[in-house]
Amino acid sequence: MSGFNDLTPKHRHGVLGILAALPFTVMGNPADPPASAETAHRAVTPLKDAPFVQDDDVKCLKSALENGNPDTGPSTFLLKAPPGCRVAAHYHTAEEQLIVIQGSVLTGMKGMRSVTLTAGGFAVMPSKAVHSFSCIGTDACLMVVTFNQKYDIVWVAR
């Protein structure tokens, strides 16, 4: 199998040209007209503009809906928690996926030992798996959570 360096200079320039154009092909031109209702949903939200609101159940938690509709189907949220914020044992009908963006998040799931996740840490909580989490350490925590179907929460008494 030949590599990039085995190509002639003319062919290397052609490959580099195609690679340079790919981001514009995928992202589109900034001058393109806005997407119509028939096109796929597109969202670009800088963190400073995320619409965080106080959580109704966990007073130390703030969330921002980034995509989807949690009342009817899949959704993605940003969660912000100050140090010491604790979300008690609960489960969801939907599968939950969690990615830590910043801070240290102690994540526990019934039947498994608790693990501290830091930036880039990932957890999957299957449907109806009892789990909890806490923002530990001195820094605030920022997380992305996704649900693969309608959102619900069932609190579990300890």
Side-chain angles (χ1 to χ4, degrees), residues 18-19 21-158:
I18 291 168
L19 292 175
L22 277 176
F24 298 104
T25 303
V26 173
M27 294 180 350
N29 184 334
D32 286 346
S36 68
E38 294 82 34
T39 61
H41 176 73
R42 298 180 191 178
V44 177
T45 307
L47 181 58
K48 67 179 181 60
D49 296 333
F52 283 98
V53 295
Q54 186 70 51
D55 187 84
D56 291 333
D57 293 321
V58 182
K59 298 303 179 195
C60 61
L61 196 62
K62 291 186 178 181
S63 64
L65 177 63
E66 292 292 294
N67 191 38
N69 183 340
D71 294 330
T72 61
S75 56
T76 301
F77 290 87
L78 285 174
L79 297 180
K80 283 198 313 190
C85 181
R86 181 177 177 278
V87 178
H90 64 281
Y91 67 86
H92 311 279
T93 303
E95 173 186 274
E96 177 181 356
Q97 295 187 11
L98 168 107
I99 300 172
V100 176
I101 304 300
Q102 76 179 38
S104 295
V105 178
L106 180 64
T107 305
M109 194 174 346
K110 188 175 181 179
M112 299 176 68
R113 67 179 179 80
S114 294
V115 174
T116 300
L117 300 174
T118 57
F122 177 77
V124 176
M125 283 66 74
S127 171
K128 299 185 179 177
V130 175
H131 60 280
S132 61
F133 71 87
S134 301
C135 180
I136 61 174
T138 57
D139 296 324
C141 295
L142 179 64
M143 300 154 276
V144 175
V145 293
T146 62
F147 298 94
N148 69 343
Q149 56 184 312
K150 180 179 175 179
Y151 172 83
D152 64 358
I153 189 164
V154 178
W155 297 102
V156 177
R158 291 201 174 230

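Keep in mind it's a predicted model, so treat the numbers as computed, not measured.
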Requested in this report: Kindly confirm or rule out an SG-SG distance below 2.5 Å between C135 and C141.
Outcome: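 Yes, the SG atoms sit under 2.5 Å apart.
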
For [X] and [Y], work out which heavy atoms get closest and say how close.
| X | Y | value |
| --- | --- | --- |
| V87 | S132 | O-CB, 3.2 Å |
| V124 | P126 | O-CD, 3.5 Å |
| S63 | F77 | CB-CD2, 4.2 Å |
| T138 | P83 | O-CG, 3.4 Å |
| S114 | G108 | OG-CA, 3.6 Å |

Query - Sole residue of I99, V105, L47, V100 in side-chain contact (heavy atoms from CB on, under 4.5 Å) with L142 - result: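 When I99, V105, L47, V100 are each tested with L142, the side-chain contact (heavy atoms from CB on, under 4.5 Å) holds only for L47.
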
Query raised in the report: How are the rings of W155 and H90 set relative to one another: parallel (under 30°), tilted (30 to 60°) or perpendicular (over 60°)?
Result: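 Answer is tilted, since the angle falls between 30° and 60°.
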
Query raised in the report: Using 30° and 60° as the class limits, which term best fits the ring planes of H131 and H92: parallel, tilted or perpendicular?
Result: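 Tilted.
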
What's the separation between atom [atom1] in [X] and atom [atom2] in [Y], rounded to the nearest 0.5 Å?
| X | Y | atom1 | atom2 | result |
| --- | --- | --- | --- | --- |
| D71 | D152 | CG | CG | 11.0 Å |
| T146 | E96 | OG1 | CD | 7.5 Å |
| L61 | D56 | CG | CG | 11.0 Å |
| I153 | D57 | CD1 | CG | 6.0 Å |
| T45 | E66 | OG1 | CD | 5.0 Å |
| F52 | L65 | CZ | CG | 11.5 Å |

Requested in this report: Taking the side chain as every heavy atom from C-beta outward, state whether Q102 and D139 have any atom pair closer than 4.5 Å.
Outcome: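 When only atoms from C-beta onward are counted, D139 and Q102 do not touch, as no gap falls below 4.5 Å.
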
Query raised in the report: Does some side-chain heavy atom of T107 sit less than 4.5 Å from a side-chain heavy atom of V115?
Result: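 A side-chain contact under 4.5 Å is absent here.
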
Query - side-chain contact (heavy atoms from CB on, under 4.5 Å) between C60 and V58, worked out - result: CA-CA 6 Å; C60 61; V58 182; 3.6 Å; yes

Query raised in the report: Donor-acceptor pair, S75 side chain versus N69 backbone, under 3.5 Å?
Result: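 Answer holds: no.
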
Query raised in the report: Any donor-acceptor pair under 3.5 Å linking the side chain of N148 with the backbone of E95?
Result: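 Looks like yes, one N/O pair under 3.5 Å.
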
Report task. Start with the C-alpha distance between V144 and L78, add both sets of side-chain angles, then the distance that settles side-chain contact (heavy atoms from CB on, under 4.5 Å), and finish with yes or no. Result -> CA-CA 5 Å; V144 175; L78 285 174; 3.6 Å; yes

**Report entry** Audit row: F133, M143, side-chain contact (heavy atoms from CB on, under 4.5 Å) steps and yes/no
**Finding:** CA-CA 11 Å; F133 71 87; M143 300 154 276; 3.8 Å; yes

Query - Worked verdict on L98 versus L117 for side-chain contact (heavy atoms from CB on, under 4.5 Å) - result: CA-CA 10 Å; L98 168 107; L117 300 174; 3.8 Å; yes

